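One structure is given here, and the rest of the page talks about it.
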There are 2 protein chains.
Amino acid sequence: MAVQKPSVPKGTRDFSPVEMVKRNFIFDTIKEVFKRFGYLPIETPSMENLTTLMGKYGEEGDKLLFKVLNSGDYLSKVKSDLTKAESTKLTSEISEKGLRYDLTVPFARFVVQHLNEITFPFKRYQIQPVWRADRPQKGRYREFYQCDVDVIGSNSLLNEVELIQIIDQIFQKLNVNAEIKLNNRKILLGIAETINAKDKFIEFTVALDKWDKIGSEGVKNELIKSGFSESQIEDIFSVINVIDQDNKHKILFLKRMLIDSETGLRGIEEVETVLNYFETLPLNIELELDLTLARGLNYYTGAIFEVKAKDVAMGSLCGGGRYDDLTGVFGLKDVSGIGISFGADRIYDVMEQLNIFPNEIVASTKVMFVNFGEKEEKYCLPLLQKLRENGINSEIFPDSAKIKKQMTYANNKNIPFVILVGESEMEKGILTLKDMINGDQSEMIFEELLQKLS
Amino acid sequence: MAVQKPSVPKGTRDFSPVEMVKRNFIFDTIKEVFKRFGYLPIETPSMENLTTLMGKYGEEGDKLLFKVLNSGDYLSKVKSDLTKAESTKLTSEISEKGLRYDLTVPFARFVVQHLNEITFPFKRYQIQPVWRADRPQKGRYREFYQCDVDVIGSNSLLNEVELIQIIDQIFQKLNVNAEIKLNNRKILLGIAETINAKDKFIEFTVALDKWDKIGSEGVKNELIKSGFSESQIEDIFSVINVIDQDNKHKILFLKRMLIDSETGLRGIEEVETVLNYFETLPLNIELELDLTLARGLNYYTGAIFEVKAKDVAMGSLCGGGRYDDLTGVFGLKDVSGIGISFGADRIYDVMEQLNIFPNEIVASTKVMFVNFGEKEEKYCLPLLQKLRENGINSEIFPDSAKIKKQMTYANNKNIPFVILVGESEMEKGILTLKDMINGDQSEMIFEELLQKLS
C-alpha cells in the first residue's frame, strides 16, 4: 500500500493527553456544578434524521448541516441534466441523516419522544460534540463541544436565578473572570410595540444583536435599511443611551418608557424579580442588565443571557434563555423551559491564553519505577501492584532501557516522582525515591513511600 | 409547521438519565483503571478523511463506513447513465470524509501525525463512539462506544501482562464474572507451517475463528472448502482436542507438535513468559490459553486476547492483541504495539441482565426542599446554597405546586431525602427531614442536617 500523509479534515482537531487533561478539567467542573443543582445527564445520537434537523436553524443553518450518505446503491437513481429542484430532491434521496448541529433541537425531540418516561419539570444536562460545516477560522471549528443545561416544564423564575448561580459557580471554580449580560425578550418586544414597530421586531433584534460588532453607526444603518423612521431610531437610541447606568436606573427608565406596553412591563417585572433574588443570595460574578443583548435565535421569549470573559477579547462563553414553544414542532405545545449552553472550546482558549489551568491537573501518573532488569523488575512488580491497590496512579518502564531514556520519559510525561531499586536497595529492603522537580533523592521503606504518595 | 413524529435513525439510541448514570459508572471504572496503570487520554475527530479510513477494514468494512457529503454544489457534477465505475468515482467526488469506524486506525494516524510530540513507549487510552452501517440487531448498534487502551513503541511482554491485569481489575470492579482467553498468532502460524499450509494461513485462522459459532463440523467443512487435505485437518483437530486440558499441558503438547517451527516455538515462549508473571502476581480472573482463538483482524502478530462473561451468553466484552506494523501505512515502519478494546455497550447489557449495577449510583440528587410558597422559599434558598457549597447535590422544587406532585417528582428522580420547612419549622428554626425510602420524618437543626447528608 502506498504511504499516506496523515491528516485530519479541515476544521477538526486531535487532542493530545495534555490538552485532554485540561479539557476534562473544564468538563468535570461544569458537570459537577450541573449535578450540584439537581440536573441529570442525557445523551442523544450523533446522527439525527434530516426531518428532525432541517428548517430548525434557518436557511443558513440548513446549509451548514453535515449530511450523511445513505448506505447502498443510491446513485443508481441518478438521472441526467439535473435542475436545481431535482438536485435537492436527489440529495434527500441519497441522504436521510445529518450530524447534530446543536443540543437544543435533539433535546426537544427527546422530550416529546420520551414524554411518558419523563417527570416534569425535567432538569437535564447534555455534553456532546456538535458539527457545523462553517468556514473554519481561529476559534471556530467544524466539530466542537456544547455543554447544555435546561429545565423544561416550569415557568418559575427561580430557574432563571439558578442558571445564573450555575454560571457564577462554574466560572468561579474555573477561575475565569467573567460577567453575565441579562436581558428579556419581552422588554425588547415592549420597545418594538412602543415605537410602533411590532411588525419589524425581528429586524429590530437582528440589528441590535450586532451592536457589539458594528457599533452605533452600524446599527443605525441597519435600522434605516430595514425601514425604521428617524423618530423610531431616536427612540431606540434612547434605550442604548442608558447603557452605562446601573441596573436600577435602567429599570426605572424602562418603566417610564414602556408604560403602555403590557408585554414590556411584564418583561421588566421578570427582570426585577430575578435581580431581587440576589439581594439575599450574593453572587461573585457581575450581573448586568444589557438592553442591547438580543440573541440571534427567535425561539427565545423571556430572559436571555450571555457571558463574556473580562480579561480576554473572545466571543461569548455561554448563552441561552427562556423559550415557550421549543417542543411545538414535535407535537408538544406550550411547554415553557429555559436553558444555557457553555462553549467548552472557547473557555479552553480563554484559560489557555490567561495561563490559568491549575498546575496539579497536568500530572496523571504519580510515580514511575525505573526498570533495571529482570531481577529488579520481579522485585518491583508486587510493590507497584500495592501502590495501585492504594489508588496511586503508577507505572514501571516496560524495558530495562538506558536510565537516561527512562528519565526523559518520566520528565516528558510530567511524572513527579521516580523510584530506583537496584542491587543495593534490594539487599537493604528499601527504595530510593527521586523528586523529579527538585532532584532530591531519599531512601525509605515501602510503608514510608506509600504514606508519602497517598 | 407540520407536526413531526419524533424518532431517531435506525440503530441509534437516546440515553435517559438512569441509563447515563449506569453507563458513566462503566466508563468511570474503565478510565480509573487505565489511569492507574499510567495510560493517558487522547481524542480524535469523529470525521476522518476517507483516504485514512478506506482499505483498512477489508472490503466489507469499506461498505460499512458512514460517508459524509461534501458541502457545496457537488451534484452539478452528476452526469447521465452512470456505470459502476463512474458511480464509485462520483461518490468520491461528493464525499471525502467518513465517520470513525474504530479507534485503532485513527490512533495509528495520530501517532504518525504527532510523531515529534510523542515520547515512546506511548501509553494512551481513548473512549469515543464509533459508527458502522451494519444491519442493526439485538446488541448491535450503528453508533456505539469503544474504550481502547494501547501502548506503542515497546516490545516488552510486560505490556501483555499489564493489559491482562487491567482486564482483571476492571471486571472485578464492575463485579462481572469473566474469563480471559489468550492465544498467540505465532503459535497459529507455527501450526500452519507444521502442516505445510503456510500459504493458507488466513483461511485457517478465519475457519478457526468461527469455532465458537459453527462448532467442529462447521470448521471442518470450512477447511475442506478452502482446500485443506484430510491429514492437515486431522492435525488441526489434534490441536483442538487439547481444548479441555490446562495451560501447562497445552504448552507441553505444542512444544512437541511445533518442534520444527521457529515461529511457533517463539509464540510458545511468549505465552509461557506471560503466564509465568502471574505466579507471583496473582489474578482474580481466569486466564486460559485457548488455541482456537484466532481474532478476525490480520494485523495481529503476537499475543491475542478475548474476554467473555461467564454468567451470560454474549459476544466478547473485550478483545485485542499485539501488532507489529499498524502505523506502516502512514509511513512509520516496524513499530510494535499492543492494545485491547472494551465494548461498553455489551458490558452494559451484561450488567443489566445480571442486575448488578450498584444501587447507590442511581441517586444523583441527594435531597430536595419542598416548595411551600414565596416566604418559605426565601427561607430555604440560603440553606440550599450552603448544602451545595458543602458538596451536596440538592435542589428545591421550582414552584409551590401541590405536595403530592412534588413528592412524586422526588420519588421518580430517586431522591432519597426531602426537606419540609413550613410555618412551624420556620418559627422554631428547624427543618423536617423525610427519608423517602422508609418514610421516617425527623426534626433537626441545619447543622445536624449537614452532618447527616455529608
Side-chain angles (χ1 to χ4, degrees), chain A residues 1 3-4 6-9 12-17 20 35-38 40-47 49 51 66-69 71 75 78 80 82 87 90 95 97 109-110 112-113 117 119 121 129 133 143 154 156 158-159 281 329-331 364-365 381 385 388 393 395 398-399 409 412, chain B residues 1 3-4 6-9 12-17 20 35-38 40-47 49 51 66-69 71 75 78 80 82 87 90 95 97 109-110 112-113 117 119 121 129 133 143 154 156 158-159 281 329-331 364-365 381 385 388 393 395 398-399 409 412:
Chain A
M1 222 179 292
V3 167
Q4 299 172 357
S7 67
V8 296
T12 70
R13 298 161 290 167
D14 286 325
F15 296 107
S16 71
M20 281 298 293
K35 282 194 246 180
R36 193 74 81 239
F37 281 77
L40 298 177
I42 70 161
E43 282 190 5
T44 61
S46 301
M47 292 186 277
N49 292 320
T51 49
F66 276 111
K67 301 185 183 75
V68 178
L69 273 174
S71 17
L75 282 169
V78 171
S80 63
L82 293 173
S87 166
L90 178 62
S95 168
K97 295 180 290 293
R109 197 257 318 133
F110 179 100
V112 182
Q113 191 172 330
E117 307 147 37
T119 310
E143 173 176 51
S154 165
S156 167
L158 188 51
N159 298 306
L281 299 169
V329 68
F330 299 112
S364 158
T365 296
L381 285 178
Q385 192 161 17
R388 287 172 176 163
N393 296 345
E395 54 186 295
D399 308 280
Y409 172 88
N412 288 352
Chain B
M1 222 181 293
V3 167
Q4 299 172 357
S7 67
V8 296
T12 70
R13 298 161 290 167
D14 286 325
F15 296 107
S16 71
M20 282 298 294
K35 282 195 247 180
R36 193 74 81 240
F37 281 77
L40 298 177
I42 70 160
E43 282 190 6
T44 62
S46 302
M47 292 187 277
N49 293 319
T51 50
F66 277 111
K67 301 186 183 73
V68 177
L69 272 174
S71 18
L75 282 170
V78 171
S80 62
L82 293 174
S87 165
L90 178 62
S95 168
K97 295 180 291 293
R109 198 256 318 133
F110 179 100
V112 182
Q113 190 171 331
E117 308 147 37
T119 309
E143 173 175 51
S154 165
S156 167
L158 187 51
N159 299 305
L281 297 170
V329 67
F330 299 112
S364 158
T365 295
L381 285 178
Q385 193 161 17
R388 288 172 175 163
N393 295 345
E395 55 186 293
D399 309 279
Y409 173 88
N412 289 352

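Lettering of chains follows the sequences in order, A, B, ..., and the numbering in each one begins at 1. Predicted model, so just to flag it, every value in this text is computed and none were measured.
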Heavy-atom contact with chain B under 4.5 Å, split by part of A:Glu43: both
Most contacts with chain B, counted as non-hydrogen pairs under 4.5 angstrom, among A:Pro129, A:Ala133, A:Pro17, A:Gly331: A:Pro17
Point-to-point distance, once rounded to the nearest 0.5 Å, from CG of A:Leu40 to OG of B:Ser364: 4.5 Å
Side-chain donor-acceptor pair present, A:Ser16, B:Glu117, cut-off under 3.5 Å: no
Atom of B:Pro121, atom of A:Tyr409 and distance for their closest heavy-atom approach: O-CE1, 3.0 Å
Closest contact, heavy atoms only, B:Asp399 versus A:Ser156: OD1-CB, 3.1 Å
Atom pair NZ (B:Lys97) and CZ (A:Phe66), whose distance is rounded to the nearest 0.5 Å: 5.0 Å
Spacing of B:Thr44 atom OG1 and A:Asp14 atom CG [to the nearest 0.5 Å]: 6.0 Å
Distance-minimising heavy-atom pair for B:Glu395 and A:Phe37: CB-O, 3.9 Å
Nearest-0.5 Å distance that lies between atom NZ in A:Lys35 and atom OG1 in B:Thr365: 10.5 Å
Between CD1 on residue A:Ile42 and CZ on residue B:Phe15, distance to nearest 0.5 Å: 11.0 Å
Contacting region of A:Arg109 [heavy-atom separation from chain B under 4.5 Å]: both
Partner chain A: residue of B:Asn49, B:Thr119, B:Asn412, B:Val68 with the largest heavy-atom pair count (under 4.5 Å): B:Asn49
Backbone N/O of A:Ser46 and side chain of B:Glu143: donor-acceptor pair under 3.5 Å: yes
